[in-house]
Amino acid sequence: MLARSTTTTGVRNRPTLRTGILGGAALVVVGASVWITVDKGIGQSEDTTAADPSTVNDRAAQVSGRIQLRVVNELAGIQFTHVAEANHELAGIMSGGGGFLDYDGDGYLDIFLVQSGTLGQDQPDSTSRLYRNNGDGTFTDVTDESGAGVGGFGMGCAAADIDGDGDVDLYITRVGEDVLLVNDGQGGFVDQTAAAGLATPGFSTSATFLDIDRDGLPDLYVARYVRITPSTAKSCFGIDGERDFCNPTVYPPQTDRLYRNLGNGRFEDITRAAGIDAVAGYGLGLLASDFDGDGFVDIYVANDQSPAFLWHNRGDGTFEEIAVIHGCAFNGNGEAIAGMGTAAADFDADGDLDLFVTNINHRSNLFLRNSSGMFEDVSRQWGSFSWLVPFTGFGTVAVDLDLDGTRELFIANGAVARAGSGYGQPDQLLQLDINGTFRDISGSLPWQVRQPAISRGVAHGDYDNDGDIDLLVMRNNGPALLLRNDQRSSNHWLIVRTESSKASGSVLNTRIVVDDGRRRHVAEVRPQDSYLSTSDPRVHFGLGDATSVRLIVSWPDGLTEAFADVGVDQIFTVRRGSGETVTGP
């Protein structure tokens with residue numbers, strides 16, 4: 001086991017690992033208030049998971065390629081199996097969330113996995129689990145001592161520092177009342193749901209924190225699905241006459257919820273006042289971003305078998321639903337898709353964040369190209385029919401696994417209606433080609449990931465601080481999988497960690513441009529997208545052979561700053577107000 005040492009970075013002490021495969025660490029102070037933390041990677045250990053003898057050729061190709069993901073549950077100590085028995089109702093087949101968060105502020109990502117159970121029954125022995133990152137590639141289950149063992153029928157989670165005390169808090173979506181766990185700063189959580197004004201019953205799915213009014217306080221948007229209770233649950237059957245999960249349209253949809261953070265530990269339900277109750281849909285996937293560049297964060301909601309929402313933030317506390325006129329309510333044929341999961345990235349390198357939305361099998365996943373807030377279905381141009389259609393996609397993330405400067409797409413698949421051998425389907429990995437289209441490279445995935453399963457949420461984060469992005473795949477009625485990235489390239493990387501200069505200063509949706517002299521890479525602080533998941537709040541860039549970059553940081557309150565000659569292969573921490581003020585990138 002590698003020991004950790006502590007260095008001072010900003011206003012808090014954050015342990016920094018000084019030994020590992022990439023050498024030592026260094027702390028550089030720029031000016032009076034910028035902290036640059038260089039965390040080098042931990043030692044790598046071999047994957048001892050048993051090999052599938054039928055995939056020898058695929059595994060040989062995997063080893064020779066640049067992208068190499070390994071299932072490391074046993075090595076890491078992650079022993080979690082999701083269980084959901086909901087009497088054949090929708091909650092049972094739709095659940096399976098979790099993700100990465102640094103709950104103890106030590107600079108290493110911990111793991112939270114949401115448990116479900118039996119709809120309408122609280123099971124104390126079946127709770128969500130929290131695993132603390134030990135900093136050496138292993139995790140310890142700290143559920144009991146941390147107070148994170150939430151019961152009830154859990155769906156997903158979102159994480160943010162809601163009270164500006166420097167500790168990350170946790171929101172868990174459920175069938176019933178959601179739960180807000182406030183971090184006490186001592187390694188534990190306290191249930192503050194009722195005190196915060198968030199004890200609203202319903203069927204919540206994905207949630208995201210965002211600052212809707214630029215007051216520095218993280219507000220909360222919660223996507224909700226159908227109106228269903230144990231007493232109103234229906235009996236549905238498949239084409240074979242056997243009991244199966246119902247189509248969501250047999251139930252009325254639920255209105256999503258928007259809560260404004262009041263700054264005193266309480267939230268105010270402004271769903272009606274903000275105009276969010278104007279329409280209802282079967283909400284599943286969700287992300288927040290300033291799609292039109294007007295300085296205020298908008299909200300995209302992927303709805304199941306109903307038009308998607310694009311809530312335009314007017315900047316006065318109200319929202320307008322504009323998805324139809326902005327080209328993202330339907331696919332290019334004018335059809336509402338079964339929107340499940342969402343990812344946003346600048347796929348075409350034009351400076352705008354485009355959308356990828358997963359869909360049900362035999363109905364294409366969706367690429368939506370963004371042009372200053374107007375969207376166009378470019379699924380046929382950017383994808384291939386062979387991989388767009390076959391499976392039912394849920395969680396998805398756009399990440400640069402091989403650090404070459406272009407993002408791959410990981411898609412977590414799993415059916416919602418029984419067909420053939422059941423609900424299981426293989427997950428997929430797509431790589432962006434030089435011609436601007438994605439190709440399926442799922443053969444490079446570990447055999448465990450290519451086996452049919454019911455995957456749901458997927459989160460991304462560099463849990464071992466070695467510079468490449470790892471993945472966490474949550475499965476319905478199955479074990480969560482931790483995928484360690486052992487990519488074999490010599491490409492460089494940069495991870496940007498953002499800090500506000502004031503206590504109530506949210507950094508959510510801070511936009512970061514990295515200029516390597518040949519191209520600009522665009523990303524933002526957005527831990528919540530995918531499906532039912534929360535990810536690394538730090539922003540990761542693959543840089544290819546670049547050895548120095550210029551950083552342009554656009555903070556949520558409108559301030560834009562530049563940082564020149566930033567070195568690569570480090571975790572670079574910037575604090576608002578410490579760079580060179582610029583008028584734009």
Side chain Ser306, main chain Asn303, donor-acceptor under 3.5 Å: no

Distance flag, aromatic centroids of Phe112 and Tyr103, threshold under 6.0 Å: no

side-chain contact (heavy atoms from CB on, under 4.5 Å) between Leu401 and Leu69, worked out: CA-CA 9 Å; Leu401 294 172; Leu69 297 170; 4.3 Å; yes

Considering all heavy atoms, the nearest Gln115-Thr81 contact: NE2-O, 3.1 Å

CG on Leu366 to CE on Met340, rounded to 0.5 Å: 13.0 Å

Stepwise side-chain contact (heavy atoms from CB on, under 4.5 Å) test for His82 and Leu113: CA-CA 8 Å; His82 176 267; Leu113 294 166; over 6 Å; no

Asp290 (side chain) donor-acceptor with Arg511 (main chain) under 3.5 angstrom: no

Residues Thr547 and His492: side-chain donor-acceptor under 3.5 angstrom: no

CA sep, side-chain torsions, deciding dist, call: Arg369, Trp382, side-chain contact (heavy atoms from CB on, under 4.5 Å): CA-CA 10 Å; Arg369 180 169 55 198; Trp382 289 4; 3.6 Å; yes

Donor-acceptor under 3.5 Å (Arg526 side chain, Ala344 main chain): yes

Arg132 (side chain) donor-acceptor with Asp104 (main chain) under 3.5 angstrom: no

Close side-chain approach of Leu483 and Asp470, heavy atoms under 4.5 Å: no

Worked check of ring-ring contact (aromatic ring centres under 6.0 Å, His included) between Phe356 and Phe347: CA-CA 9 Å; Phe356 178 71; Phe347 294 119; 7.1 Å; no

Tyr423 and Asp244 side chains, donor-acceptor separation under 3.5 Å: yes

Distance-only donor-acceptor check, side chains Asp402 and Ser489, under 3.5 Å: no

side-chain contact (heavy atoms from CB on, under 4.5 Å) assessment of Leu445 paired with Phe410: CA-CA 10 Å; Leu445 290 171; Phe410 183 93; 4.0 Å; yes

Salt-bridge present (Arg66, Asp468; N to O < 4.0 Å): no

For the student: nearest non-hydrogen atoms of Arg407 and Ala345, plus distance: CD-CB, 3.7 Å

Distance (rounded to the nearest 0.5 Å) between Asp404 CG and Gln431 CD: 6.5 Å

Minimum-distance pair of heavy atoms, taken over all atoms of Val301 and Gly283: CG1-CA, 4.1 Å

Side chains of Leu532 and Met474 in contact at under 4.5 Å (non-hydrogen atoms): no

Centroid-centroid distance, Phe80 to Tyr131, less than 6.0 Å: no

Thr138 side-chain N/O to Ala76 backbone N/O, donor-acceptor pair under 3.5 Å: no

Distance (rounded to the nearest 0.5 Å) between Leu310 CG and Cys328 SG: 4.5 Å

Ser116 side chain to Phe153 backbone, donor-acceptor under 3.5 Å: no

Atom pair OG1/CZ of Thr498 and Arg538 - distance to nearest 0.5 Å: 11.0 Å

Ser533 side chain vs Tyr531 backbone, donor-acceptor pair below 3.5 Å: yes

Identified side-chain contact (heavy atoms from CB on, under 4.5 Å) counterpart of Thr173 within the set Ser95, Ser204, Cys157: Ser204

Main-chain N/O of His460 paired with Asp536 side-chain donor or acceptor, under 3.5 Å: no

Within-4.5 Å side-chain heavy-atom neighbours: Asn413 and Asp427: yes

Main-chain N/O of Ser455 paired with Asn476 side-chain donor or acceptor, under 3.5 Å: no

Check: Asp178/Tyr171 side-chain N/O donor and acceptor closer than 3.5 Å: yes

Separation between CG of Leu429 and CG of Leu409, rounded to the nearest 0.5 Å: 8.5 Å

Parallel, tilted or perpendicular: rings of Phe139 and Tyr463 (30°, 60°): tilted

Greater than 12 external heavy atoms within 6.0 Å of Arg519's CZ: yes

Minimum-distance pair of heavy atoms, taken over all atoms of Asn477 and Ala84: OD1-N, 2.8 Å

More than 12 heavy atoms of other groups within 6.0 Å of Gln79 CD: no

Short side-chain to backbone donor-acceptor contact, Asp348 and Gly436, under 3.5 Å: no

Shortest non-hydrogen contact between Phe391 and Gln425, atoms and distance: CB-OE1, 3.2 Å

Charged N-O contact under 4.0 Å between Asp515 and Arg520: yes

Close side-chain approach of Asp400 to Trp493, heavy-atom, < 4.5 Å: no

Flag side-chain contact, heavy atom, 4.5 Å: Val539 against Ile495: no

Heavy-atom check, side chain of Leu508 versus side chain of Pro527, under 4.5 Å: yes

Short side-chain donor-acceptor distance under 3.5 Å, Asn361 and Thr392: yes

Leu286 and Thr342, any side-chain heavy atoms less than 4.5 Å apart: no

Side-chain H-bond candidate by donor/acceptor type, Gln528 with Thr534, under 3.5 Å: yes

Distance (rounded to the nearest 0.5 Å) between Gln448 CD and Leu481 CG: 7.5 Å

Heavy-atom pair of closest approach, residues Glu524 and Ser289: OE2-OG, 2.8 Å

Sub-4.5 Å side-chain heavy-atom contact between Leu551 and Ile512: yes

